[in-house]
Undergrad: 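I am attaching a structure below and will ask some questions about it afterwards.
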Amino acid sequence: MRNSNRIRCVEMWHAAVALFLVRGALAFSPHRQIISKHHTSPGQVFPLPNRNYYLSSVASTDQHPEEMSLANANDADRSEIEQFVSDMRELYGDLENGGGTIRREMDAVRFTYVAPAHQFTTHSAEENRQLNGAWRLQAPAIYGANEDWTEIHHNIIEERMDQNGHSKPPPLLVYLPGLDGFGISATAQYDDLSSSFEFWRMTVDKKNERVSFSDLLRSVVKFVKDATSSAEFSDSPREVILAGESFGGLLTCAVAMALENIEPKTFVLKGMVLINPATSFDETSWQQVVPLLTSLRYLETQEEITDDNGNFRLAIPQGLPTPYSVLGGMALAATIPDSQQYSKIVDFILQSSNTSSNENMLSASSDGFRILAEYLPAKILEQRVLEWLPVGTSVVNSVERLSKLKTPTLIIGGSDDNMLPTKEEVDRLGELLPDCVKMEISGAGHFVLDTRVNLTEVILDSHIDPFDAPKVDPIVDWALPPDHVVNDVIKKRVVPQREKTSPVFFSTDPLSGERRRGLSHVPSTKKPLLLVGNHQLFGQDLGMIISELLEERGIVARGLAHPVALGVAEGGIGPEEPTVRKQKRRWEFNEDNQFEADLFKLFGAVKVSPRNFYRLLQTNQTVLLFPGGVKEALHGKGEDYQLFWPEKTDFVRLAAKFNATIVPLSAIGAADSADILLDASELLNLPFGIGENLKNFSSSTSSARYDVDNQDELFVPPLALPKPIPARHYFLFGKAYDTSTLDPRDQDACRDVYKGLEEEVKHDIQALVEARKEDPYAFDGIRRTSYRRVFGKDPPTFPLQSLSPSARMNGIAS
């Protein structure tokens, strides 16, 4: 029993240190291989980039060669948790002493230039990833505060211009770290940032107690002025972007305010990025909590934590960590990670506890806690919290100053930040800053720059527009999301629908008109493809149609959507115009957001309009069109599966103009999955002003058809009650029609094709309705669910011979 309790205590200790190290644990893979790096001697200076020197770990500058050899020899004998703590110490060492090719020292502040990752190609991309970035392979040439570095910076800019083939240098991006002064939480971003920008990262001396907020402000301002003094590279001023995380976000605001007042300017402040900014510090209790934590240092003696030379003791195998490091680590563990990050850490704890002895876990955990005392000593933390943050907030949090700060600003905030009230702060700053866009990372905590966010990509996509990119054309510039995003959306959105409705898909042989199970007869062509069908109730089957085409046939169908569905309607049911503009991450999918507008856009839907329809066909894309539109999707009682197609034959004429293949699509099931209690006509007649309000709502909603006024298109969803288990859904792709022989100027011929397609959709809807009478699972949801649970697949359906052949015998797909 005692041994069991001891094991639990050790595991809890291990968990605490792992949670404290969350910043590194999530930006740095604990399972990476140790790749040997060349060692440099203290103070060694290297030339410009394009060399293959590697910066060693902290041990290389603090240990003798014999000790380093012994340490490397012992790597293989370390437990997983010991290796992890050792790797963390190396990472901090690289941040402090290397991680770049040029270092500009300015009193207690350093600015390190990170060269593009591709210049360091000795290791493979996978090895660089395991190493946590090629930036770690760089060793800096050091320039003091008073040394002339104009020539070397000139060479950097010239080299970047040659590499990129541009007539002007890339924007200068300066990253300002959080309160730790190292920026360990952003290390996963460094390689990408260095490839796109002239990227400099700031670090602060971990031992200097005399650095004030004003000193930091002056240092950053001076650095920006010095780094942009080489104006001969361009006829225009140098572009600068500031990015600050946590405390760095607060400092970024102050620097931007100072830079805007500098004349004459050799630069233009292109934008600033605030990541969980600490501008809300005065709304927290950290000013009261931190002094209590740091006062624990008085329980320690100087002899316990330093050697005779004043250096921090690193090698006390069984020594216990200081009270400050333990409680401070626990405080960080309680506020930094979000639920997803906690899950990753718990997995690591469980895995390493199976491979490490209790003694190794206790020793490594103790050493891990010491990292806090070493890289953020109690006295330094107290000084920064009690002096930097209050001074910074008093400087920045002036309504007048913020409202005059015209720099384009992007604020990135974690929705679940437990360290700062970030969610509210993002809205506050967004309303005060004149040109501000916010990006909320759903489910993220204070450490937001993990694998969920690519900061380079976010900046490039933002209104900061660092490279003055041309406007994105949603027709030709759109691309299908990466496979992992597609798979995630299908898993989270479509699979639950499939499990409830057990959909069945059929296609039609283009020669015989016979039906086939599956989509094998839906043509895959390099020419434009037009899918036209009936719109089911509320359009709830779109995800199943698009995903089935994509998975079975590799066909990427792009929808023509009502403005309301895309969230751009003037008065519809889409989201209201936010007070603060919003930006989404590229390929972002938020499974908690039930409004599908962003999802429609993500998968290529565009607003229905003649121009968009024309250009999609013109560029040989696949288009999904429901001519019945709103009237079919929001149909009333007794109108199940009726078509409400307009009289105009425009879509056939445009298809013929581009020799498109047209495939009719018929679907049933949605109308049988809900009971309409009140339809639009009944809702409009409701008393007490309800009907009148609905009428006003409809008339203010943008019409989907260009030739129909808002007042003429009734947009009033019926009041419907979903059934507990929906009916089975059936989809039938009819016989394809090749328009290459159809003259778009022949109105009569186009009208005949149009009517033929309309009649075929009606015929196939009725064919499905009749055939499903022989499907015992059509309306028996409980039986379908039981079958799926027992056999792990959808139940069988009616026999194919029950489905009548295509009614149209003319027209074959090419």
Side-chain angles (χ1 to χ4, degrees), residues 503-525 527-536 539 541-542 544-546 548-550 552-553 555 557 559-560 617 622-628 632 640-645 649 651-652 654-656 659-671 728-742 749-772 775 797-814:
V504 188
F505 287 83
F506 302 94
S507 57
T508 305
D509 188 303
L511 294 173
S512 66
E514 295 296 321
R515 314 299 192 177
R516 295 289 184 273
R517 181 78 180 264
L519 303 184
S520 60
H521 287 304
V522 176
S524 180
T525 172
K527 297 192 304 181
L529 177 64
L530 174 59
L531 309 173
V532 291
N534 63 304
H535 219 338
Q536 291 213 76
D541 56 347
L542 291 176
M544 289 188 285
I545 296 172
I546 291 172
E548 195 75 16
L549 287 165
L550 185 60
E552 186 173 337
R553 298 287 289 140
I555 296 174
L560 289 168
L617 294 178
T622 297
V623 184
L624 181 59
L625 175 67
F626 300 102
E632 283 181 8
D640 299 359
Y641 310 126
Q642 291 185 27
L643 297 190
F644 297 98
W645 288 18
T649 63
F651 78 75
V652 172
L654 274 178
N659 297 327
T661 298
I662 305 176
V663 178
L665 168 61
S666 305
I668 64 171
R728 193 167 200 173
H729 282 42
Y730 304 86
F731 301 90
L732 173 56
F733 288 83
K735 193 171 182 180
Y737 184 89
D738 179 11
T739 65
S740 59
T741 59
L742 179 65
C750 288
R751 186 178 298 106
D752 289 342
V753 172
Y754 180 89
K755 289 297 183 183
L757 291 168
E758 185 178 19
E759 287 303 317
E760 183 165 4
V761 172
K762 290 180 181 178
H763 170 273
D764 288 353
I765 288 175
Q766 190 58 36
L768 287 171
V769 170
E770 291 298 321
R772 75 172 173 183
D775 185 350
T797 186
F798 52 76
L800 269 176
Q801 56 266 29
S802 301
L803 193 58
S804 61
S806 172
R808 180 170 52 87
M809 298 308 297
N810 61 321
I812 326 172
S814 57

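Numbers here simply count residues along the sequence, with the first being 1.
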Undergrad: Can you tell if the side chain of Pro523 reaches within under 4.5 Å of the side chain of Val663, non-hydrogen atoms only?
TA: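 Yes; the side chains approach each other to less than 4.5 Å.
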
Undergrad: Which distance, rounded to the nearest 0.5 Å, do you find between the CG of Asn534 and the NZ of Lys762?
TA: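 That separation rounds to 11.5 Å.
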
Undergrad: Nearest heavy-atom pair of Gly533 and Phe626: which atoms, and what distance?
TA: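 Smallest interatomic distance, heavy atoms only, reads O-CD2, 3.5 Å.
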
Undergrad: Quick one: does any side-chain atom of Ser666 pair with a main-chain N or O of Val761 as donor and acceptor, under 3.5 Å?
TA: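 Yes; judged by distance alone, with no hydrogens or angles, the pair exists.
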
Undergrad: Is there a side-chain contact between Arg772 and Arg728, using heavy atoms and a 4.5 Å cut-off?
TA: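 Result no, sub-4.5 Å side-chain heavy-atom pair not found.
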
Undergrad: Quick check against the 3.5 Å criterion: does Thr508 have a side-chain atom that pairs as donor or acceptor with the backbone of Gly513?
TA: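 Flag not set: sc Thr508 to bb Gly513 has no pair under 3.5 Å.
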
Undergrad: Who pairs with Glu632 by salt bridge (Lys or Arg N to Asp or Glu O under 4.0 Å), at least two apart in sequence or on another chain?
TA: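 Once residues adjacent in sequence are excluded, Glu632 has no partner under the salt bridge (Lys or Arg N to Asp or Glu O under 4.0 Å) criterion.
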
Undergrad: Can you measure from SG (Cys750) to CZ (Phe651) and round to the nearest 0.5 angstrom?
TA: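 Rounded to the nearest 0.5 Å, the SG-CZ separation comes out at 10.5 Å.
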
Undergrad: Find the distance between CD1 (Ile545) and CG (Leu665) and round it off to the nearest 0.5 Å.
TA: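 Output value for this atom pair is 5.0 Å.
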
Undergrad: Locate the shortest heavy-atom distance separating Asn659 from Ser740; write the atom from each residue and the value.
TA: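 In terms of heavy atoms, the two residues are closest at OD1-CA, 3.4 Å.
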
Undergrad: So how far is it from Ile555 CD1 to Thr622 OG1, rounded to the nearest 0.5 Å?
TA: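 Here the rounded value is 6.0 Å.
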
Undergrad: Can the ring centroids of Phe506 and Tyr730 be said to lie less than 6.0 angstrom from one another?
TA: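 Ring-ring flag for Phe506/Tyr730: false, centres at least 6.0 Å apart.
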
Undergrad: For a 4.5 angstrom cut-off between non-hydrogen side-chain atoms, does Tyr737 reach Glu760?
TA: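 Heavy-atom side-chain distance check fails, nothing below 4.5 Å.
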
Undergrad: If every non-hydrogen atom of Val504 is compared with every non-hydrogen atom of Thr797, which pair is closest and at what distance?
TA: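 Closest heavy-atom pair between Val504 and Thr797: CG1-CG2, 3.9 Å.
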
Undergrad: Minimum heavy-atom separation for Met544 to Pro503, with atom names?
TA: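 Scanning both residues completely, I find the closest heavy atoms to be SD-CG, 3.9 Å.
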
Undergrad: Which is it for Val652 and Leu742 under the side chain to side chain contact (heavy atoms under 4.5 Å, CB included) test, yes or no, and what are the steps along the way?
TA: CA-CA 9 Å; Val652 172; Leu742 179 65; 3.8 Å; yes

Undergrad: Taking the side chain as every heavy atom from C-beta outward, state whether Ser804 and His763 have any atom pair closer than 4.5 Å.
TA: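 The answer is yes, as the side chains (C-beta and beyond) meet within the 4.5 Å cut-off.
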
Undergrad: Asp764 side chain to Ser806 main-chain N or O, any donor-acceptor pair under 3.5 Å?
TA: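 A pair under 3.5 Å: no.
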
Undergrad: Counting distance only, does the side-chain N/O of Arg516 pair as donor-acceptor with the main-chain N or O of His521 below 3.5 Å?
TA: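 Looks like no, no N/O pair under 3.5 Å.
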
Undergrad: Any side-chain heavy-atom pair from Gln536 and Phe731 closer than 4.5 angstrom?
TA: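 Heavy-atom side-chain distance check passes, below 4.5 Å.
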
Undergrad: Between Asp738 and Lys527, is any pair of side-chain heavy atoms under 4.5 Å apart?
TA: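 When only atoms from C-beta onward are counted, Lys527 and Asp738 do touch, with a gap below 4.5 Å.
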
Undergrad: Do Thr739 and Val753 come close enough that some side-chain heavy atom pair is under 4.5 Å?
TA: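 No, side chains not in contact.
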
Undergrad: Nearest 0.5 Å, what's the CG-CG distance between Leu617 and Leu654?
TA: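 It comes to 6.5 Å.
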
Undergrad: Identify the heavy atoms of Arg515 and Leu800 that sit nearest to each other, and give their distance.
TA: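 Heavy atoms only, the tightest pair is O-CD1, 4.0 Å.
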
Undergrad: Taking all atoms of both residues into account, what is the closest heavy-atom pair of Leu529 and Thr525, and its distance?
TA: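 Scanning both residues, the minimum pair turns out to be CB-CG2, 4.4 Å.
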
Undergrad: Mind checking whether Ile765 and Leu643 have side chains closer than 4.5 Å, heavy atoms only?
TA: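 Yes. Closest side-chain heavy atoms under 4.5 Å.
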
Undergrad: Go through the structure and list residues passing salt bridge (Lys or Arg N to Asp or Glu O under 4.0 Å) with Glu552, not counting sequence neighbours.
TA: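 Partners of Glu552 under the salt bridge (Lys or Arg N to Asp or Glu O under 4.0 Å) test: none.
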
Undergrad: Which distance, rounded to the nearest 0.5 Å, do you find between the OG of Ser507 and the CZ of Arg517?
TA: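 Atom-to-atom, Ser507:OG and Arg517:CZ are 11.0 Å apart.
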
